[in-house]
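Below is one structure, written out as structure tokens; the observations come after it.
Atoms within a ligand are numbered from 1 in the order they appear, just like the ligands themselves. Below, all heavy atoms of this structure are taken into account, side chains as well, without hydrogens, waters or symmetry copies.
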Amino acid sequence: MNRLPMLSAVQIAAERVLLRKARDTDRERLIELQTDPDVWTYIGGPRLREDVEQRLDAIGGTAKATANPGHFVIADKTTDDLLGTFELKRRAADEPGHVTDHGEELELGYLLRRDAWGAGLAFEAATTVLRAAADELPDQPVLIATQTANKRSLGLAARLGFQPVSTFEWFDAEQTLCLASLHSFKG
Ligand SMILES: CC(C)(COP(=O)(O)OP(=O)(O)OC[C@H]1O[C@@H](n2cnc3c(N)ncnc32)[C@H](O)[C@@H]1OP(=O)(O)O)[C@@H](O)C(=O)NCCC(=O)NCCS
């Protein structure tokens, strides 16, 4: 288990979205997110519905899907419907793409339902989580690793102020590693 300090918040409100933990009622919208080919184009292709259902059952239900610190559902603040998922996690040392010798840097991961793209919601979610993390944790590097062909993800990284620092091959595709310092997000 990772013992490096992580964001402790379990719910953070932004202007239009709420970062919160998953509930069992999110199940269908989460499965739709995990099985949408548009969402998974640059991250290994969509999961099969059967596999996603089995995994959710294996972990003890949808409410456990965001149990790790820094893992959230992005919900519509008005309807509470799941719009996506957002993770502030640690980039495992045995994965490629690092800026420190020991790895385990903070890293962002984000998925939005296709019908929520193009409205600035991922930007809002990321800014809100990074600000909370900057207020709680010591300054340190934060990474985004994304396929170079994933222009929407690279666009989000650039809007957030991340700089591309290197490229590397992973799963037969070129990835771009983007870097920011956590305290650049202090409110
Ligand atoms: C990556 C992803 C989260 C980006 O979503 P997004 O909606 O494009 O990103 P943002 O939240 O930054 O929104 C930016 C867009 O909203 C528009 N926008 C509208 N209102 C806005 C507002 N109030 N604030 C900011 N942007 C706004 C911007 O003009 C921009 O539109 P454009 O893309 O047509 O130029 C989304 O494409 C996705 O889920 N992709 C699949 C999963 C994936 O690949 N994840 C990355 C894994 S590394």
Side-chain angles (χ1 to χ4, degrees), residues 12-20 22 26 28-49 51-52 55 65-66 68 70-79 81-92 95-99 103-133 141-180 184-185 187:
I12 317 174
E15 194 187 330
R16 293 171 294 165
V17 299
L18 177 68
L19 285 302
R20 62 162 173 79
D26 294 321
E28 187 53 33
R29 290 179 69 87
L30 184 60
I31 292 170
E32 287 169 8
L33 177 74
Q34 300 272 347
T35 55
D36 182 340
D38 285 341
V39 171
W40 288 81
T41 304
Y42 302 109
I43 40 178
R47 278 58 184 144
L48 293 173
R49 169 172 274 268
D51 293 345
V52 176
R55 188 182 159 268
T66 53
N68 288 337
H71 290 223
F72 300 96
V73 158
I74 305 170
D76 182 305
K77 209 169 160 187
T78 306
T79 64
D81 286 344
L82 180 147
L83 301 175
T85 56
F86 192 92
E87 299 173 355
L88 180 67
K89 54 195 173 183
R90 294 273 173 193
R91 186 161 182 84
E95 292 176 356
H98 291 285
V99 295
E104 305 285 343
E105 302 93 338
L106 287 176
E107 180 188 9
L108 302 190
Y110 36 75
L111 303 176
L112 269 189
R113 286 170 59 97
R114 181 65 189 87
D115 55 10
W117 295 5
L121 296 175
F123 178 82
E124 189 179 312
T127 307
T128 304
V129 171
L130 285 165
R131 194 169 292 157
V142 189
L143 304 178
I144 294 175
T146 195
Q147 251 194 52
T148 304
N150 192 347
K151 298 302 176 204
R152 280 197 167 267
S153 183
L154 280 179
L156 171 59
R159 279 190 292 281
L160 288 167
F162 283 72
Q163 301 289 332
V165 289
S166 63
T167 58
F168 60 95
E169 289 289 311
W170 206 26
F171 295 113
D172 295 327
E174 186 187 274
Q175 316 284 327
T176 298
L177 189 68
C178 302
L179 171 67
S184 67
F185 298 99

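Closer than 4.0 Å to atom 23 (N) of ligand 1 lies at least one heavy atom of the protein. The protein reaches atom 44 (O) of ligand 1 closely, with a heavy atom under 4.0 angstrom from it. Of the protein's heavy atoms, none falls inside 4.0 Å of atom 30 (C) of ligand 1.
Contact annotation for A122 and ligand 1: heavy atoms of both the backbone and the side chain come within less than 4.0 Å of the ligand. Using a 4.0 Å cut-off between heavy atoms, N150 contacts ligand 1 through its side chain alone, with no backbone atom that close. With a heavy-atom cut-off of 4.0 Å, R159 touches ligand 1 through its side chain alone. Residue contacts with ligand 1, taken as heavy atom pairs separated by less than 4.0 Å, do not involve Y42 at all. With a heavy-atom cut-off of 4.0 Å, R16 touches ligand 1 through its side chain alone.
Remark: ligand 1 and L112 share an N or O pair separated by less than 3.5 Å (distance only, no angle test). Looking at D38 next to ligand 1, no N or O pair under 3.5 Å apart turns up. By the 3.5 Å distance cut-off applied to N or O atoms, L156 is not counted among the residues near ligand 1.
Of all heavy-atom pairs spanning I43 and V39, the tightest one is CD1-O, 3.7 Å. P164 and T176 make their closest contact through CB-CG2, 3.8 Å (heavy atoms, listed as atom of the first residue, atom of the second, distance).
Judged by the shortest distance from any of its heavy atoms, A145 lies inside the 4.0 Å radius around the atoms of ligand 1.
Within 6.0 Å of the CZ atom in R49, the count of heavy atoms belonging to other residues, nucleotides or ligands exceeds 12.
Paired with I74 under the rule side chain to side chain contact (heavy atoms under 4.5 Å, CB included), one option of V129, V17, L82, T85 passes, and it is V17.
Heavy-atom proximity to atom 4 (C) of ligand 1, evaluated over R152, K151, E124, is greatest for R152.
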Run V73 and R20 through side-chain contact (heavy atoms from CB on, under 4.5 Å) and show every step you take. CA-CA 5 Å; V73 158; R20 62 162 173 79; 4.0 Å; yes

